[in-house]
Amino acid sequence: MTFLPVLARPLKLAFPIFVFVLMCCAPGKAAIQYALSLEHPEQHLFHVTVTIPNVTGEVIVQMPAWNALYQIRDFSNHVKQVEAFAGSERAPIEKLDKQTWRIKGSGTIKILYSTYWDEVGPFASQLNVEHAFINPAMILLYLSDRRTEPVSISVSNIPSEWGIESASSWSIFQSGPNRLFVIESPSYDALVDGPIEIGKFQEFDLPGISPRVTVVIHGDNWKRKRVEEDLRRICQYELKLMDGAPFERYTFILHVGKGAGGGGMEHTNSTAIGVGSDEYLSGVAAHEFFHLWNVKRIRPATLDPVDYSKEQFTRALWFAEGVTSTYGAYTLVRSGIWSKERFYMDLSQQISELENRPANRWQSAEQSSLDAWLEKYPLYNQPEHSVSYYTKGQVLGDLLDILIRDRTRNEKSLDDVLRAMNTDFAKRGKPYRDSLDIQLAVERIAGGSFEEFFQKYVAGTEPFPYQETLALAGLDLRTMEHSRATLGFSAERDATSGVVVVQNVAADGPAAASGLHIGDVILGWNGAEVPRRPERWLREQKAGDVLKLRIRREEKEIALEFRLGEIKEIFYAVAEDPHASEKAQEIRDGLLHGVTSAVSVH
């Protein structure tokens, strides 16, 4: 997954291009069946019926506590009016804890409930008069002891002008004037790993890509030529890099425009992405598409299988997310979407962000991964309290690649490590042992020990060897003083309701001078949604830029306006060394173009 700032743009609906397959037969019989009604979408309520056969005595069901983000979000918070029936008789139902219910009865049990969702972005679900976006794990109860049984989901009461799309195999059944949309899946886990878009959208397949890649776009702030060409280049490069597709069909579900959210979420055969405009799409898409391999199939054992009821702690997010960011940047420069100067600038920004966070001195890449579940707390996200496994992992990926190329005279690279792990783990359906199997794969490819590197820089917190490592690739790291914008306050987003509340306000800052108080609820941010990661939004701003907030305080809405403050820090700039050796130049070209070749040492 990844996050990006959201721009304030007007939202208009695009009209759908779709083909429905109408069938006269009835849906197939799955063991557990979910029926979803979209009746009265303006009420934002998904009406759910769960049919569970073969119950003896009682059945226990749960609502996932988390999904998509490494945050406990308690989706049961959205659920209301849970009822149960055994045949035609009402069945006794008892709530055991915040996410678990026990129903007494035998035979076939039906459970009925409603769940309220009207949150934008790929990390939530939404039902309104414009569309329905469904992350099934946020809506569907499950049986912890029957997750491997076949399941189906049917969706009814779909407005006649709405289209339907999902990466899952689906059919449209005709029953009188109403359409019935049905997905059949081998398990609950497989079902909930496929988001569904229902509404007015445009749809097309990427040209020249095989297997089929479909693009579904809800929104208005985009141009087809740019979206089609960027996504085509991204998919083409990454499929070639990883020796072919692990899917029969892949789907991009894109929400583009004002209020679309910021970032993307990976799924087994699809991704859901929300961006303010197509300007930000390629950066998110390159990251999310590479997750097809790294994390969805090349998967750490600590995340497998998914436990929906509690946190799953792992030390491997620096690789699963951070090195995926390494390949997001590689894809963009190697496919020609970025210039090499843009690639150097991105690497410069990652190093600068890392080195200007005091927590980098004491929080390792592995510990940052382990502490991912603390990210919903604004204090934790401050520079003194944490460093991002995305950032630290991306820089580690670049350094590892250079060292592998140097040791093998540019005959091998990090690309070979990813392909080897795809063969050894993904294709065998076998998870890897966090950092250990990553280290062993690197050592097999490089032909020597990397134990010291992993001890010092992955598990440990010793300063990264930037100068000496970058020099091996004909690159130099220069420093300069840099000024950047600062908010002067921090805020926390409630994981379930999405409400953003101010937690701290710098006493001597412009936010405090404007009248912002601790406890204020932020409703609007420069006329748009509050960005999910304000620190990333800040990267695009300058000190002195105006921030307009709409807040709620004691049931009263207030408009505040102030100029962003300024903080000075050291900026690190990556540049080419004009005096680099021939070997270093070839390694540099290998990084930029994704190639290897035997070189002699001069």
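Keep in mind it's a predicted model, so treat the numbers as computed, not measured. Numbers for residues simply follow the sequence, beginning at 1.
A search for side-chain hydrogen bond (donor to acceptor under 3.5 Å, both in side chains) contacts involving Asp401 returns Tyr330, Arg405, not counting sequence neighbours. Under the side-chain hydrogen bond (donor to acceptor under 3.5 Å, both in side chains) criterion, Glu451 pairs with Gln455, not counting sequence neighbours. Annotation: side-chain hydrogen bond (donor to acceptor under 3.5 Å, both in side chains) contacts of Asp545 (sequence neighbours excluded): none. In this view, Val417 and Ile404, Leu414, Met421, Ala441, Val442, Ile445 satisfy the side-chain contact (heavy atoms from CB on, under 4.5 Å) rule, not counting sequence neighbours. When the ring pair (Phe, Tyr, Trp, His ring centres under 6.0 Å) test is applied to Phe464, the partners found at least two apart in sequence or on another chain are Tyr457, Tyr466. For Phe133, the ring pair (Phe, Tyr, Trp, His ring centres under 6.0 Å) partners are His255, not counting sequence neighbours. For Val595, the side-chain contact (heavy atoms from CB on, under 4.5 Å) criterion is met by His593, not counting sequence neighbours. By the ring pair (Phe, Tyr, Trp, His ring centres under 6.0 Å) test, Tyr344 pairs with no residue at all, sequence neighbours left out. Every residue two or more places apart in sequence or in another chain was checked for a side-chain hydrogen bond (donor to acceptor under 3.5 Å, both in side chains) with Arg563, and none qualifies.
Checked for salt-bridge contact, Arg478 and Asp476 meet the test: a charged N lies under 4.0 Å from a carboxylate O. Between Arg249 and Glu165 a salt bridge is recorded (basic side-chain N to carboxylate O distance below 4.0 Å). Comment: Arg588 does not engage Asp577 in a salt bridge, judged by the lack of any side-chain N to carboxylate O separation of less than 4.0 angstrom.
Residues Ser364 and Trp318 bring no donor and acceptor atom of their side chains to less than 3.5 Å of each other.
Pairs passing the salt bridge (charged side-chain N to carboxylate O under 4.0 Å, His left out) check and including a residue from residues 344-353, sequence neighbours excluded, read Glu353-Arg539. Within the structure, the salt bridge (charged side-chain N to carboxylate O under 4.0 Å, His left out) test picks out the following pairs touching residues 204-217 (sequence neighbours left out): Asp205-Arg212. Within the structure, the salt bridge (charged side-chain N to carboxylate O under 4.0 Å, His left out) test picks out the following pairs touching residues 428-440 (sequence neighbours left out): Arg433-Asp437.
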Next item on the list: Would you check, one step at a time, whether the test side-chain hydrogen bond (donor to acceptor under 3.5 Å, both in side chains) holds for Thr324 with His287?
Entry: CA-CA 6 Å; Thr324 295; His287 179 102; 5.3 Å; no

